[in-house]
Amino acid sequence: MKKFLKEYINAPVEAAPLAVFRILFGVMMLGSMIRFWSYGWIDKLYVQPTYFFSYYGFEWIKPLGEFTYLIFFICAVSAIFVAIGYRYTIAIIVFFLSFTYIELMDKTTYLNHYYFISVLSFVMIFLPASTYFSVDATRNPKKANQYVPAWTINCIKLLLGVVYFYAGLAKLNSDWLIKAMPLKIWLPSKFDIPLLGDLVSQEWVQYAFSWSGAMYDLAIPFLLLYRKTRPFAFVLVVVFHVLTRVLFPIGMFPYIMIISTLIFFDAALHHKIANGISKLFRITKTRFDNQRQFSFGHGLLPKFKYTLVSLFFILQLVLPFRYLLYPGELFWTEEGYRFSWRVMLMEKSGYAQFKVVNGETGRWFYVDNSDFLTPIQEKQMAFQSDFILEYAHFLKEHFEEDGHKQIQVYVDCQVSLNGRLSTTFIDPKVDLVQEKESFEPKHWITPFKDEIKGI
Amino acid sequence: MKKILLCIVFLTLIGACSSDNEGVEPEPSAGLKATFERSTMLTNWADNIIIPSYDAFSLELDALNTSFDTFKTDASTTNLIAFRASWLSAYKMWQRVSMFEIGPAETLGFRLNMNIYPTDSEKITGYIVSGTYDLSLSSNRDAKGFPALDYFINGIGADDEAIVAKYNDTDKDATFTYVEVVLTEMTTLTNNVITEWKTSYRDVFVANDGASATASVDRLANDYIFYYEKFLRAGKMGIPLGVFSGTTLPQNVEAYYQQGTSNELFLEGLSAVQDFFNGKHFGSSTTGESLASYLDALNTVKNGEDLNNIINTQFNTAREMVAGLASFRSEIENSSLPTEMLLAYDEVQKAVVLLKVDMVSAMSISIDYVDADGD
């Protein structure tokens with residue numbers, strides 16, 4: 001234990017990997033913001049819709065109309081500050097808050113990699129990432145250090161390891177391994193990509209992708225950790241992510257992962273990268289190589305930080321397993337599905353027709369969802385129970401304002417999962433107005449008719 | 001280096017092993033399936049269905065114009081009946097092109113300008129009296145197209161005598177002029193759509209054979225489903241039935257002024273939808289590559305039954321149910337609760353789920369372009 005603490009937690013290691021990570025992270029985030037903005041997605045996803053789906057407990061977080069652009073702007077500026085390491089602590093806190101705010105505005109756009117950014121930037125608040133090769137270190141040489149405690153780098157490795165390994169665990173199920181689902185559905189539609197186009201509709205390719213994908217996720221953290229396999233592992237990382245980028249619309253995520261895994265390499269590489277940046281911007285890098293060692297100091301504040309970071313990591317390790325507390329098939333109910341690194345596991349779609357009944361007169365009518373939701377929102381809503389419930393309550397309030405009384409809301413919802421014929425997802429006899437959102441299991445979800453074995 | 005080799009060997013083994021799994025799969029044709037060519041399907045759609053349908057529709061419009069000219073020269077009951085027959089025939093043919101709201105039709109707002117109902121007869125009457133109107137304005141979409149003609153042919157008087165009388169009274173010139181303007185606009189629009197399809201859009205459409213939210217297959221499949229859901233299901237049945245409003249709206253049936261025609265138009269539309277699904281060439285029983293054959297190529301077996309069959313069966317069930325109904329207008333007007341029609345509507349509705357959920361999911365058709373990590 002002592003040896004472990006010494007080697008992986010407290011031992012002084014070069015700060016260069018952390019500094020390079022900070023720079024690349026900031027640049028990638030800036031790129032992401034610009035990309036998102038330039039595609040007109042701020043307008044399309046956060047300004048134009050009239051209704052937004054909130055996360056349980058975060059109903060107070062909403063887009064701010066035209067001011068939503070300001071949040072993105074703040075987020076982009078803080079990303080620049082993070083990259084150059086200028087007033088780093090404030091910058092990363094602002095980045096974390098603004099980015100997380102953006103993600104919480106509408107859960108329609110939930111993506112695991114956005115969550116990953118939020119988690120990562122939260123951890124980075126506690127890391128001395130600007131103690132080396134940064135504006136902060138230049139302006140205040142007293143705070144400049146060449147070495148940092150090992151845990152500040154290892155915790156990023158741990159986080160990346162968790163993301164990969166848990167994503168791999170999630171693939172250990174019969175749909176993925178035995179049926180090659182959903183890749184069997186997704187791959188054939190990519191017939192038009194170069195080189196692979198002819199292969200993707202072949203069944204053995206679909207199986208090969210499924211199995212090697214699962215193996216990759218499970219093995220890559222260890223291959224990256226072990227020095228001898230590291231170069232090969234990095235080649236795998238690049239091949240894997242480039243492939244996913246070509247095959248699926250997953251945006252910046254592949255690049256972010258490729259760049260992030262550089263942190264597994266020795267400091268020599270990061271010094272090279274820093275040298276390159278120094279030449280480009282005419283920075284005297286040698287001034288940062290001062291042999292000094294960063295210290296969190298003593299007292300309550302550092303202890304508080306250690307505790308917080310430790311608790312956060314324990315939470316990260318436990319949270320993906322919360323689904324075990326819910327009855328029923330996870331892929332079907334999706335209770336405990338999010339925030340668990342379950343990536344690209346399901347081809348799921350649904351159709352939800354809401355029936356609004358005036359309890360006083362007995363009169364009823366169906367809702368035209370496109371009156372309230374964008375096509376993307378409608379698509380996401382139609383197969384996720386928490387969306388359906390939230391929307392049902394919204395409909396109640398909306399039509400009550402229209403003068404209807406004692407409103408009841410029922411839904412006829414049909415969902416198809418991984419190529420199975422669509423079946424009833426929500427009990428059509430349950431008045432959703434009477435149901436409240438909570439962490440309790442939702443008894444009004446119709447049980448899954450099939451079985452998916454595995455984790 | 002040894003480790004690297006080991007890993008490669010390992011991964012290759014996995015690949016090799018998993019291909020053995022083909023034998024375990026229940027589908028008999030697994031492994032033998034040929035790759036489905038989306039471009040062949042697009043060619044079939046364009047050359048054997050869409051363009052021939054437009055051509056046939058254009059001929060129907062010509063015939064409609066001719067019978068109108070005859071009626072204009074001699075506004076007799078006989079000529080009214082002939083005019084009406086041409087109108088119905090063209091209206092039925094319209095049901096076979098309405099779903100193709102893509103390319104030139106989309107740009108010109110073909111459907112919006114041809115068939116917005118209910119038509120506003122008061123507005124039309126007002127325009128005829130004042131003599132000043134611009135039917136190209138979007139606010140006047142409910143004063144032109146087939147529904148306006150319905151009013152002129154079936155609704156302007158209580159019976160044929162009364163109708164013919166309208167075309168022989170003092171205001172007749174203004175009325176004829178209005179009908180002429182309506183017909184001319186319909187003809188011009190149609191010609192524009194056809195010309196663009198033939199001169200340029202056909203090749204653009206067929207060449208865009210990729211897989212993305214902007215590719216032809218994804219777009220037309222989306223338009224097709226949208227048509228089925230919003231125009232066939234909701235427009236022709238759901239809205240008049242009051243399923244979206246809580247109160248029945250009989251005046252919102254298509255071809256309101258001629259009892260029973262709503263049903264006929266609906267059934268024609270449903271057949272058109274089903275024929276398109278099966279890739280049936282226009283005016284022939286030959287079929288080509290289609291959504292149905294695409295599903296077969298993708299081998300979408302659900303509960304031991306082919307999704308293609310499930311969808312066709314559902315279309316047939318819906319058709320039988322609707323065919324058994326009295327005229328939509330009387331179903332809605334004559335009963336406080338149009339149960340039979342609601343039941344038929346439910347069958348029409350079930351196909352929406354099969355198309356929108358099961359088919360789209362099987363084909364991995366994108367609805368829009370945003371980042372996603374598989375939900």
Side-chain angles (χ1 to χ4, degrees), chain A residues 41 44-45 109 111-113 178 180 182 185-186 188-192 198 201 203-204 207-208 210-212 215 219 223 228-229 232 236 248-253 343-351 353 356 358 363-368 375-376 379-380 382-383 414-416 419-422, chain B residues 1 3-4 7-8 10-11 14-22 24-25 30-31 33 35-38 209-212 215 230 234 238 242-247 297-298 300 302-303 305 307 310 349 352-354 356-358 360-375:
Chain A
W41 286 349
K44 181 169 162 184
L45 299 173
T109 50
L111 286 188
N112 281 294
H113 67 259
I178 313 282
I185 293 177
W186 289 340
S189 71
K190 304 297 167 193
F191 57 86
D192 58 340
D198 291 334
S201 57
E203 201 163 36
W204 72 268
Y207 277 97
S210 295
W211 281 72
S212 51
M215 292 306 298
L223 296 177
K228 281 186 176 166
T229 52
F232 165 70
L236 272 188
F248 308 111
I250 46 183
M252 296 286 283
F253 186 55
V343 191
M344 317 256 352
L345 284 178
M346 303 191 296
E347 164 61 36
K348 206 174 179 190
S349 60
Y351 185 86
Q353 181 172 256
V356 174
N358 183 329
R363 294 267 279 275
W364 62 269
F365 56 90
Y366 292 129
V367 176
D368 184 350
I376 306 160
K379 180 182 152 72
Q380 292 293 327
F383 61 84
Q414 307 292 324
V415 169
S416 156
R420 293 172 181 84
L421 187 67
S422 53
Chain B
M1 198 56 206
K3 301 257 175 198
I4 298 181
C7 286
I8 293 173
F10 188 45
L11 286 173
I14 290 166
C17 289
S18 50
S19 56
D20 289 344
N21 284 338
E22 276 177 37
V24 195
E25 283 297 291
K33 82 181 92 149
T35 30
F36 184 84
E37 290 290 340
R38 281 190 171 201
D209 61 354
S212 71
K230 300 283 172 191
V243 299
F244 300 105
S245 52
T247 37
L298 292 168
T300 22
K302 313 267 180 179
N303 300 347
E305 202 186 341
L307 183 57
I310 298 178
Q349 161 67 26
V352 177
V353 179
L354 293 172
K356 212 176 175 177
V357 177
D358 295 290
V360 162
S361 173
M363 293 180 182
S364 206
I365 284 177
S366 1
I367 58 155
D368 211 339
Y369 177 63
V370 281
D371 288 346
D373 65 358
D375 314 315

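Looking at every heavy atom in both residues, F191(A) comes nearest to A211(B) through CE2-CB, 4.0 Å. Closest approach of G246(B) to F365(A), counting heavy atoms only: N-CB, 3.3 Å.
Looking at D358(B), its side chain does come within 3.5 Å of a backbone N or O of S422(A) through a donor-acceptor pair.
For the atom pair CG of D368(A) and NZ of K230(B), the computed distance is 3.5 Å after rounding to the nearest 0.5 Å. To the nearest 0.5 Å, the span separating CG on L307(B) from CG on L421(A) amounts to 7.0 Å. Note that OG of S361(B) and CZ of R420(A) are 11.0 Å apart. Values are rounded to the nearest 0.5 Å. With rounding to the nearest 0.5 angstrom, the NZ atom of K356(B) is 13.5 Å from the CD atom of Q414(A).
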V415(A)/V357(B) under side-chain contact (heavy atoms from CB on, under 4.5 Å): CA gap, chis, key distance, verdict: CA-CA 7 Å; V415(A) 169; V357(B) 177; over 6 Å; no

Worked check of side-chain contact (heavy atoms from CB on, under 4.5 Å) between L298(B) and I185(A): CA-CA 8 Å; L298(B) 292 168; I185(A) 293 177; over 6 Å; no

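Counting heavy-atom pairs closer than 4.5 Å to chain A, the top-ranked of the candidates G238(B), G210(B), G242(B) is G210(B).
Y366(A) pairs by the side-chain contact (heavy atoms from CB on, under 4.5 Å) definition with Q353(A), K355(A), W364(A), V243(B), F244(B), Y345(B), D346(B), not counting sequence neighbours.
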